[in-house]
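Atoms within each ligand, like the ligands themselves, are counted from 1 in listed order.
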Amino acid sequence: MGVGPGGPDLRTPAAVEAIRRADVVVGYKTYINLISDLLHGKEVFAAGMREELLRASVALKKASEGATVAVVSDGDPQVFGMAPLVLELMSRSGVHLNVEVVPGVTAALAAGALLGSPLGNDFAVLNLSPLLTPREVILRRAEAVALADYVVALYNPIDVDLLKEVILVFRRHRAGGTPVGVVKNAYREGQRVWLTTLDEIDYGVVDMRTTIIVGNSETYVWNGFIITPRGYHRKYAYP
Ligand code: SAH
């Protein structure tokens, strides 16, 4: 289940209820800290980064023993989160357990809202961590997305050199002045929002708690908002 980007305001009631019903809560330490107000009386298994496999197997073991388990991701559990791994392990092991995926507000939507409306037209989400996806695949996907003029939300900018390469790919297909939003710690303590352009990104501020949104060829900035038109202007005369 996903607990949204940060504060309690952006948790869904369904996610809160799933945690309330759970005997055991499993998750990455940082996310467990985000929901500490919901953990009273729960058995908690908090493991570190890169221990996803351990977390998923502990969760399945506890559930097989009869416990109700909540596996917590930040944002949404499908989007570079725990849901696919848990289901994948179940599909491989053939265990039969009742399982429910509870959606959450993913970082792209949280960052997009803070920037105005950059995701107003077709968009893609790209994972930039080369940990599970080879660099060539990341660059090939970036090329396809850039060519097709999608807005893109870049997650997991763990490797600044790779991020720079990906931005160069976009620069080859888009103007240097294309609006870019950089959002760190959306709806969390330490929230920062920067409006910049493809040519002027400050890579020094980017870290693992940052999501970067690159506009398409129609995206523009007005009054501090990034706007990607849906296309009404092509069809209707505006009042
Ligand atoms: N399941 C999560 C994503 C996990 S991958 C979701 O749906 O949002 C982790 C990446 O998500 C981070 O490297 C960052 O790019 C992005 N991210 C997650 N929470 C964020 C937040 N509050 N602010 C900005 N970026 C965030």
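Evaluated by nearest non-hydrogen atom to atom 5 (S) of ligand 1, the leading choice among I158, D207, V183, N156 is N156. The heavy atom nearest to atom 20 (C) of ligand 1, out of those in G190, A153, A107, S129, is found in A107.
A salt bridge links E218 and R234; the closest N-O separation between the charged side-chain nitrogens and carboxylate oxygens is under 4.0 Å. Ion pairing between a basic and an acidic side chain is recognised when a charged N comes within 4.0 Å of a carboxylate O; E65 and K61 show such pairing. Note on D159 versus K164: no salt bridge recorded, every NZ/NE/NH1/NH2 to OD/OE distance being 4.0 Å or above. K184 has a carboxylate O that lies under 4.0 Å from a charged side-chain N of D207, or vice versa, which qualifies the two as a salt bridge.
In terms of protein heavy-atom proximity, atom 6 (C) of ligand 1 is nearest to T106 OG1, 3.3 Å. At the shortest separation from atom 15 (O) of ligand 1 among protein heavy atoms lies T210 O, 2.7 Å.
Residue D76 places at least one N or O, backbone or side chain, under 3.5 Å from an N or O of ligand 1. Residue contacts with ligand 1: D74 is placed with a nitrogen or oxygen under 3.5 Å of a nitrogen or oxygen of the ligand (distance criterion only). Any N or O atom pair closer than 3.5 Å counts here, and A186 shares at least one such pair with ligand 1. Considering backbone and side-chain N/O atoms, V79 comes within less than 3.5 Å of an N/O atom of ligand 1. Residue Y155 has no nitrogen or oxygen atom sitting less than 3.5 Å from a nitrogen or oxygen atom of ligand 1, judged on distance alone.
Of the possible donor and acceptor atoms, none in the side chain of N216 sits under 3.5 Å from a partner among the backbone N and O of Y150.
D149 and S217 are linked by a side-chain donor-acceptor pair at a separation below 3.5 angstrom, with hydrogens and angles left out of the test. Inspection of the E88 and S91 side chains reveals no N or O donor paired with an N or O acceptor under 3.5 Å.
Heavy atoms of M208 found under 4.0 angstrom from ligand 1 belong to the backbone as well as the side chain.
Note on ligand 1: P157 sits in its first shell, one or more heavy atoms being nearer than 4.0 Å.
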